[in-house]
Amino acid sequence: MNPYLNDFPVLGEKRDGKRLVYLDNAATTQKPLSVIQAVDEYYRRSNANPHRGLYELSIRATKMYEDARESVRAFINAGKACEVLFTRNASESLNLVAYSYGMNFIHEGDEIALPVSEHHSNLLPWQMVAKAKGAKLVYLYPDSCGRLPERELNKIGPKTALVAVAHVSNVLGTVYPVQEIVRRAHAVGAVVVLDCAQSIPHYPVDVKKLDVDFAAFSGHKMLAPMGIGVLYGKEELLNQMPPFLTGGEMIEYVSEQNATFAPLPQKFEAGTQNVGGAVGLSAAIDYMKKVGYDTIIKTEEDLLAYALDGMAKIPHVTVYGDTKAGEQRCGVISFNVDGVHPHDVSSILDSDGVAIRAGHHCAQPLMKYLGVNATCRASLYFYNTREDIDVFLASLKKVRGWLGLGT
Ligand code: C6P
């Protein structure tokens, strides 16, 4: 019996008598009742436009929004709440850094270093900056286990002005050595933009300890609603950067021809904000703290080892990246079945109630590097069970036979 079943109603859902086996957690996680209820409660009792009204309801909405910011600050150990900006998602957070920092502080001849495994959200913004500013993108290529060898890390050099890196790859599941990357980047005066979209749901992210300059993530991959994201930035950098979006509530004073801007964090939060989302994110953080990262890590390590072990016994299945569980490997398993398109694998698994993702996972340069167009991807979370993995493995075993291919 799944101990989290009562908290996540969708996990108990059945279709054609088959239980949902949800293994697409890297795309988005399911939401616990406490999060759903917190959002519901906010809209029932406390909804008003924050930072605008001088009446009790608006003051309450503002407090809930700012309390959520403080909750995120404490969760990622940022020094000050004003270093935590709310956005829509990790993509918007990364674009904010690219447009506001990149377009103003990256110059012709500079290099932007990034692993080839980056999600498009942490790659396209830098392509845009490089093209506009005459900078060069320098790619770091992982080895067959998905790790970045020394020779690739050595590409962070005197010309590097910025390193953009995911904490965890959304395709290979590799946990990249952020502290080592930051050490090298800072030694040459480069800033580090950390994409935590796939790490913070699974591992603690301490921005002070990691000493990253920026960190981006999405609420919806860590039990919170869609439409709320976070950008952490060091105060001194955020203060130097111009606003990304302009509009309501991010100004100090506006005249016909000019404007001055509000202090952090409002400078980067133009327009009416997603208070319900922020409240949901805060509730998600509370839930994660209740479960505890120790439990999350231990559970996922067990499930990953169990899944990789089972997959190794199925002929015609190729797993990309590290085929062994371990500290530098998160529960994201990309794989292919010989002779079967990943979309077909996904559809066949779906007929057994198993939800996985198939495609390029918004990482096309990595797909090219791996020599494939697409992969299947099963991604785990702490509320999955060994029974889930058993259903997944049993379904995977049937795929080639189902299509009349040899097993
Ligand atoms: N990856 C996946 O299935 P958004 O869409 O903005 O919430 O997150 C973007 C993003 C940024 N970085 C990484 C490492 C990511 O994995 C993602 C989202 C999903 O892999 C959807 S493509």
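Counting starts at 1 for both ligands and their atoms, in listed order. For clarity, every value in this text was computed on a predicted model and none was experimentally measured. Each residue takes its place number in the sequence, starting with 1.
- Using a 30° and 60° split on the angle between ring planes, Y141 and Y369 fall in the tilted class, from 30° to 60°.
- In summary, the aromatic rings of H120 and H360 are positioned with their centroids under 6.0 Å apart.
- Within 4.0 Å of ligand 1, protein heavy atoms come from A26, A27, N89, A90, S91, H119, S121, N170, D195, A197, Q198, S218, H220, K221, R357, C362, R377.
- With H361 as the partner, the side chain to side chain contact (heavy atoms under 4.5 Å, CB included) test is satisfied by one option alone out of L366, T375, L172: T375.
- Listed by first then second residue, pairs satisfying ring pair (Phe, Tyr, Trp, His ring centres under 6.0 Å) with a partner in residues 15-49 number zero, not counting sequence neighbours.
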Result block: side-chain N/O donor-acceptor pairs under 3.5 angstrom for residues 400-407, not counting sequence neighbours:
from: R400; atom 1: NE; to: G406; atom 2: O; distance (Å): 2.7
from: R400; atom 1: NH1; to: D338; atom 2: O; distance (Å): 2.6
from: R400; atom 1: NH2; to: G406; atom 2: O; distance (Å): 2.9

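- Note on residues 93-113: pairs passing ring pair (Phe, Tyr, Trp, His ring centres under 6.0 Å), not counting sequence neighbours, are Y99-F244, Y101-F105, Y101-F214.
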